[in-house]
Amino acid sequence: MIKDEIDHAIYETIDATAFVAGSKVKEFEGNFARYCNVEHAVGVSNGTGALYAALKAYDIGKHDIVLTTPMTFIATAEAISLTNAEPVFVDIEENSFNLSPTRLKEYIKKNCEWSEKKKTLIDNERKARVRAVIPVHLYGQVAEMDEIKKIAKENNMIVLEDACQAHGAEYKGKKAGAIGDIAAFSFYPSKNLGAYGQGGMVLTSKPEIAEKIRIFIDHGQNERYNHVIEGWNFKMDGIQAAILNIKLSYLDDWNEDRRQNVKYYTELLTGVDKITLPKELPDRKHVYHVYAARVKDRPGFMEFMKKEGVGTSIHYPIPLHLQPAYKHLGFDVGAFPVSEQVAAEVVSLPMFPELTKHEIEYTCQKIKEWANLSMGSGA
Ligand SMILES: Cc1ncc(COP(=O)(O)O)c(C=O)c1O
């Protein structure tokens, strides 16, 4: 039983006093790197720290721009701001809710020019260098990475995958985290691979970048009390790593259970046109961290489902460019229409590996009742 395995792993960690970084973290780094087929993994304290450390490893900071999607959890943009770079948003694709390569090209064409001297793209209005792009594999489906990588390469930008919601997801046979230049994961308890607290990981194929991250997350020391830079304290907790080590061996089965749940939802809801179910795009393996459908009358739908005892939620109700925290960036309503429309309509249906057939049947029956009731109401 997994509980016994985890209890034992916790006990072992305590016995070895491997509380921070240490042997369990090392073991988990090795296992997760192998799982994703990437050379180097560095355990960190959470996903936000993983994104931040990844950007710092590429010396991204003041007078730099990092592009990302407004349809994500705020941590993606916070990590950019924390480096003193400026987050600039690019709208999403309607079919995947992920950063749109077309919009990315458009932003570059409209706002930027190439500086041969600096070998960098310059945003003319903001007078800043466009150094990186962070595609977020939202809800567990990998973004259109080939096109994003091509644009990034042409413009000397690095691609940092925000894979915080995509443990085990695939794109053309490659695991999320193994596609861009560098990747960040979160092991927040609700993730497909979740700790019993917080945790994160950076993946890179470059040993020098891995080393920079190791130094940065440990107060900038390359050896004990020799601080080559001013860093931060982002080391991974040993007990979390020990737990994640056990859970990693179950991840594929759990993801498969999620995918089977989606199959059943899809079967039962085919023909219910008041709700639009998420699509798995070709060449992708979606791991359904979040199962986000779209409905026009979302408040009515959520209220109905709540009364019937079915919990739903929203990821995310306000796109980042319209958050009060990012008012200073100067983006108005209408700046990213697809994100705004999607944010107004997405609703997350129950999704976890242990969901039973009976629970899915009940949810779908209630969705159908709601659809029938709202027939003719124009909602
Ligand atoms: C897309 C995305 N990026 C970053 C994060 C930040 O991860 P953490 O909560 O571990 O800091 C999360 C987690 O919630 C996330 O969903």
Side-chain angles (χ1 to χ4, degrees), residues 25 28 32 41-56 66-83 87 89-90 92 96-99 132-143 145 148 159-169 171 176-177 179-180 182-203 213 216-217 232-237 239-241 243-244 247 258 278 286-292 313-321 323 325-326 339 342-343 346 348 351-352:
V25 172
F28 180 54
F32 196 67
V42 184
V44 291
S45 49
N46 55 51
T48 314
L51 288 163
Y52 177 50
L55 293 170
K56 291 293 284 185
V66 177
L67 304 170
T68 194
T69 153
M71 194 58 196
T72 179
F73 182 57
I74 192 169
T76 317
E78 281 176 326
I80 300 169
S81 307
L82 204 59
T83 67
F89 301 114
V90 171
I92 56 171
S96 68
F97 312 144
N98 281 326
L99 189 137
V133 56
I134 311 183
V136 178
H137 306 324
L138 196 73
Y139 305 149
Q141 173 152 253
V142 176
M145 291 300 286
I148 293 170
V159 180
L160 162 57
E161 290 177 72
D162 183 337
C164 289
Q165 302 188 359
H167 317 74
Y171 175 86
I179 312 164
I182 188 160
F185 285 84
S186 161
F187 303 114
Y188 189 77
S190 61
K191 304 296 184 193
N192 290 30
L193 182 60
Y196 282 17
Q198 305 223 38
M201 188 76 85
V202 184
L203 295 185
I213 291 170
F216 178 67
I217 64 163
W232 199 251
N233 182 10
F234 279 132
K235 294 184 292 297
M236 191 176 210
D237 185 292
I239 287 180
Q240 302 309 333
I243 292 165
L244 289 163
K247 290 183 82 175
R258 286 174 186 266
H286 196 323
V287 292
Y288 299 103
H289 169 57
V290 169
Y291 187 51
S313 55
I314 307 171
H315 303 86
Y316 300 92
I318 305 171
L320 292 187
H321 66 289
Q323 290 284 357
Y326 291 119
S339 297
V342 167
V346 276
S348 312
M351 175 53 64
F352 45 90

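Note that the structure is a prediction, hence the values are computed from the model and not measured. Just follow the structure's listing: the first ligand is 1, and inside any ligand the first atom is 1.
- Near A75, with a cut-off below 4.0 Å to any heavy atom, the atoms of ligand 1 are 4 (C), 5 (C), 6 (C).
- Those atoms of ligand 1 with a heavy atom of V136 less than 4.0 angstrom away are 1 (C).
- Contact atoms of ligand 1 toward T76: 3 (N) (distance under 4.0 Å to a heavy atom of the residue).
- For ligand 1, the atoms sitting less than 4.0 Å from at least one non-hydrogen atom of N46 are 10 (O), 11 (O), numbered in the order shown with element in parentheses.
- Heavy-atom proximity to T72, at under 4.0 Å, picks out these atoms of ligand 1: 1 (C).
- One N or O on the side chain of N98 and one on the backbone of Q141 form a donor-acceptor pair closer than 3.5 Å.
- Looking at P189, C164, A195 and measuring to atom 4 (C) of ligand 1, the nearest heavy atom belongs to C164.
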Evaluate the criterion side-chain contact (heavy atoms from CB on, under 4.5 Å) for residue pair H167 and V287; output intermediate values, then yes/no. CA-CA 8 Å; H167 317 74; V287 292; 5.9 Å; no
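- Side-chain contact between H137 and M145 is present, with at least one heavy-atom pair separated by less than 4.5 Å.
- By heavy-atom distance, the residue among A50, S186, G200, G49 lying nearest atom 9 (O) of ligand 1 is S186.
- With sequence neighbours left out, the salt bridge (charged side-chain N to carboxylate O under 4.0 Å, His left out) criterion links K247 to no other residue.
- Here the protein heavy atom with the shortest distance to atom 11 (O) of ligand 1 is T48 OG1, 2.5 Å.
- Among protein heavy atoms, atom 3 (N) of ligand 1 sits closest to D162 OD2, 2.8 Å.
- Distance check: I80 CD1 to Y52 OH gives 13.0 Å after rounding to the nearest 0.5 Å.
- Side chain of Q198 to backbone of S45: no donor-acceptor contact under 3.5 angstrom is found.
- Considering backbone and side-chain N/O of G47, one or more are found under 3.5 Å from N/O of ligand 1.
- In this comparison of M201, H137, K191, the heavy atom closest to atom 12 (C) of ligand 1 sits on K191.
- In Y188, the OH atom is not crowded: 12 or fewer heavy atoms of neighbouring residues, nucleotides or ligands sit closer than 6.0 Å.
- With hydrogens and angles disregarded, a donor-acceptor distance shorter than 3.5 Å links the side chain of Q240 to the backbone of Y196.
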